[in-house]
Chemist: 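Dropping a structure here in structure tokens format, bear with me for questions.
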Amino acid sequence: MFERLEFDANGKKVLCEMNGKNADMKMNIYVKRLVPGESIYINDDICETAVLLLGGKVTFGFGKRREECERRDPFEKKPYALHVCKNTEITVESETGAEIIIQQTDNENEFPIEFYTPESCLYQEFGKGQWDGTGHRVVSTMFDYDNAPHSNLVLGEVFTKPGRWSSYPPHHHPQPEVYYYRFDKPQGFGACYLGDDVYKSTDGSYCCIEPGRDHEQAAAPCYEMYYVWMIRHNDGDPWYKTTRIVGGEHQWIIDAK
């Protein structure tokens with residue numbers, strides 16, 4: 001499912017809900033714009049929660065700590081994210097305005113609060129020396145099964161170079177996934193492939209990727225494409241980096257020069 005959304009009167013975009021919209025994603029995900037002076041409070045008794053700063057200046061409050069974070073926009077590779085288990089009080093405050101994305105799912109596990117900074121995130125560069133650079137992108141991972149096996153979620157970011165492809169070759173996995181797109185210019189665009197369907201990805205659009213459905217992305221020349229990638233592990237079948245399944249007709253691309 002692919003959709004373009006505007007912010008509602010409360011500065012919110014709801015991408016999916018565990019018990020409502022796009023429930024097959026098994027996650028609550030929404031984007032929130034904080035106006036200057038606004039703060040939000042979260043304490044969920046069922047869900048773990050991850051909050052990622054997309055742009056602006058915020059103060060995260062958790063436990064006895066307060067952490068001030070600033071990011072010009074998503075294209076500044078300075079991700080700050082807070083990840084907490086259920087029954088954990090957190091606040092997000094912004095004096096000057098900001099944009100954040102919130103990801104949640106049910107999880108009985110209790111685990112320590114994790115505060116991710118640009119220094120603690122995994123950065124990987126893919127495709128620069130392969131396929132004549134047509135798949136060149138940078139992937140940052142806040143957390144996945146490798147560093148947070150107690151979590152039911154995966155959270156990361158992809159920076160796709162102008163005119164390049166990402167999430168490539170076409171692949172699928174049994175876990176649901178959601179992408180939220182931003183472009184370095186408001187008129188920027190790209191292509192979102194979901195199986196045999198193709199959609200025009202634009203600034204602020206998103207797609208819900210059903211389990212087992214092939215997906216790949218492309219950015220138009222002159223426009224850098226960013227997207228947050230969010231996965232929900234299946235119970236008893238978590239997503240690993242090796243979970244990507246490439247169709248037989250495209251297997252040859254993996255080792256192609």
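Since the model is a prediction, treat every value here as computed from it, not as a measurement. Sequence positions, counted from 1, serve as the residue numbers for this chain.
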Chemist: Does the Asp132 side chain pair with the main chain of Thr134, one donor and one acceptor, at a distance under 3.5 Å?
Modeler: no
Chemist: Taking Pro170's backbone N and O only, do any of them form a donor-acceptor pair with Asp214's side chain (distance below 3.5 Å, no angle check)?
Modeler: no
Chemist: Using links of under 4.5 Å between side-chain heavy atoms of ILVMFWY residues, direct or through other members, which residues join Tyr227 in one cluster?
Modeler: Phe2, Phe126, Val139, Val154, Val158, Tyr179, Tyr181, Phe183, Phe189, Leu194, Tyr199, Ile209, Tyr223, Met225, Trp229, Ile231, Trp239
Chemist: Give a yes or no answer on whether the side chain of Lys32 reaches the backbone of Ile40 with a donor-acceptor pair at less than 3.5 Å.
Modeler: no
Chemist: Considering non-hydrogen atoms only, spot the tightest contact between Met18 and Cys47 and give its length.
Modeler: SD-SG, 3.7 Å
Chemist: Considering non-hydrogen atoms only, spot the tightest contact between Ile113 and Gly63 and give its length.
Modeler: CD1-N, 4.3 Å
Chemist: A quick test of your reading: do over 12 heavy atoms of other residues, nucleotides or ligands sit less than 6.0 Å from NZ of Lys57?
Modeler: no
Chemist: Does some side-chain heavy atom of Pro118 sit less than 4.5 Å from a side-chain heavy atom of Pro79?
Modeler: yes
Chemist: Keeping the roles fixed (side chain from Arg213, backbone from Pro211), state whether a donor-acceptor pair exists under 3.5 Å.
Modeler: no
Chemist: Hey, any chance Met230 and Ile46 share a hydrophobic cluster, counting ILVMFWY side chains that come within less than 4.5 Å of each other, even indirectly?
Modeler: no
Chemist: Could you state the interatomic distance from OG (Ser39) to OH (Tyr41), rounded to the nearest 0.5 Å?
Modeler: 12.0 Å
Chemist: For atom CD of Glu108, decide whether the heavy atoms of other residues, nucleotides or ligands shown that lie under 6.0 angstrom number more than 12.
Modeler: no
Chemist: Looking at Thr105 and Lys26, would you say the former's side chain and the latter's main chain have a donor-acceptor pair under 3.5 Å?
Modeler: yes
Chemist: Let me check something: do Met142 and Tyr145 share a hydrophobic cluster, defined by ILVMFWY side-chain heavy atoms less than 4.5 Å apart, either directly or through other members?
Modeler: no
Chemist: Using the rule side chain to side chain donor-acceptor pair (under 3.5 Å), only one of His83, Gln104, His150, Lys86 pairs with Glu48; which is it?
Modeler: His83
Chemist: Distance from Arg33 atom CZ to Leu54 atom CG, nearest 0.5 Å?
Modeler: 10.5 Å
Chemist: Within the side chain of Lys161, is there an N or O that forms a donor-acceptor pair under 3.5 Å with the backbone of His136?
Modeler: no
Chemist: As an exercise, state the distance from CG of Asp146 to OG1 of Thr141, rounded to the nearest 0.5 Å.
Modeler: 9.0 Å
Chemist: Run the numbers on Asn22 and Leu15 for side chain to side chain contact (heavy atoms under 4.5 Å, CB included), then give the verdict.
Modeler: CA-CA 8 Å; Asn22 299 320; Leu15 312 190; 5.8 Å; no
Chemist: Report yes if the side chains of Gln103 and Met27 come closer than 4.5 Å at any heavy-atom pair, otherwise no.
Modeler: yes
Chemist: Taking side chain as C-beta onward, heavy atoms only, is Ile102 less than 4.5 Å from Thr49?
Modeler: yes
Chemist: Using side-chain heavy atoms (C-beta onward) and a distance below 4.5 Å, is Phe60 in contact with Val92?
Modeler: yes
Chemist: Is it the case that more than 12 heavy atoms not belonging to Glu95 sit under 6.0 Å from its CD atom?
Modeler: no
Chemist: Kindly give the heavy-atom pair with the smallest separation between Arg232 and Gln175, and that separation in Å.
Modeler: O-CB, 3.4 Å
Chemist: Does Glu110, at its CD atom, have more than 12 non-hydrogen atoms belonging to other residues, nucleotides or ligands within less than 6.0 Å?
Modeler: no
Chemist: Establish, yes or no, whether a centroid distance under 6.0 Å links the rings of Tyr226 and Phe159.
Modeler: yes
Chemist: To the nearest 0.5 angstrom, please state how far the CD atom of Glu224 sits from the CZ atom of Arg182.
Modeler: 12.0 Å
Chemist: Looking at Thr160 and Arg137, would you say the former's side chain and the latter's main chain have a donor-acceptor pair under 3.5 Å?
Modeler: no
Chemist: If Ile, Leu, Val, Met, Phe, Trp and Tyr residues are connected whenever their side-chain heavy atoms lie under 4.5 Å apart, and connections chain through other members, are Leu153 and Tyr180 in the same group?
Modeler: yes
Chemist: In Å, rounded to the nearest 0.5 Å, how long is the span from CG of Leu52 to CD of Glu99?
Modeler: 10.5 Å
Chemist: Would you say the side-chain atoms of Glu3 and Tyr206 include a donor-acceptor pair closer than 3.5 Å?
Modeler: yes
Chemist: Give a yes or no on whether the backbone of Val246 and the side-chain of Gln251 come within a donor-acceptor separation of less than 3.5 Å.
Modeler: yes
Chemist: Please examine the side chains of Tyr168 and Tyr193, heavy atoms only from C-beta on, and report whether any two atoms are closer than 4.5 Å.
Modeler: no
Chemist: Less than 4.5 Å apart, side chain to side chain, heavy atoms only: is that true for Glu67 and Phe115?
Modeler: yes
Chemist: What do you reckon, is NZ of Lys241 surrounded by more than 12 foreign heavy atoms closer than 6.0 Å?
Modeler: yes
Chemist: Main chain of Cys85, side chain of Asn109: is a donor-acceptor contact present, judged purely on distance under 3.5 Å?
Modeler: no
Chemist: Quick one: does any side-chain atom of Arg164 pair with a main-chain N or O of Gly133 as donor and acceptor, under 3.5 Å?
Modeler: yes
Chemist: Report yes if some heavy atom in the side chain of Gln217 is under 4.5 Å from a heavy atom in the side chain of Cys192; otherwise report no.
Modeler: yes
Chemist: About how many Å separate CZ of Arg71 and CD of Glu76, when rounded to the nearest 0.5 Å?
Modeler: 7.5 Å
Chemist: Does one hydrophobic cluster hold both Ile90 and Leu53, with members joined at side-chain heavy-atom distances below 4.5 Å?
Modeler: yes
Chemist: So do the side chains of Ile245 and Thr243 get within less than 4.5 Å of each other, counting heavy atoms only?
Modeler: no
Chemist: Looking at every non-hydrogen atom in both residues, tell me the closest pair between His233 and Ser151 and how far apart they are.
Modeler: CD2-O, 3.3 Å
Chemist: Where is the tightest heavy-atom contact between Gln130 and Ile253, given as atom of each residue plus distance?
Modeler: NE2-O, 4.0 Å
Chemist: Quick check on the hydrophobic clustering: are Val14 and Val228 connected, directly or via other members, by side-chain heavy-atom contacts under 4.5 Å?
Modeler: no
Chemist: Just checking, is any N or O donor in the side chain of Glu157 or Ser140 under 3.5 Å from an acceptor N or O on the other one?
Modeler: yes
Chemist: Might you point out which heavy atoms bring Phe75 and Asp184 nearest each other, and give the distance in Å?
Modeler: CZ-N, 3.0 Å
Chemist: Please check if the number of heavy atoms outside Lys77 that lie under 6.0 Å from its NZ is greater than 12.
Modeler: yes
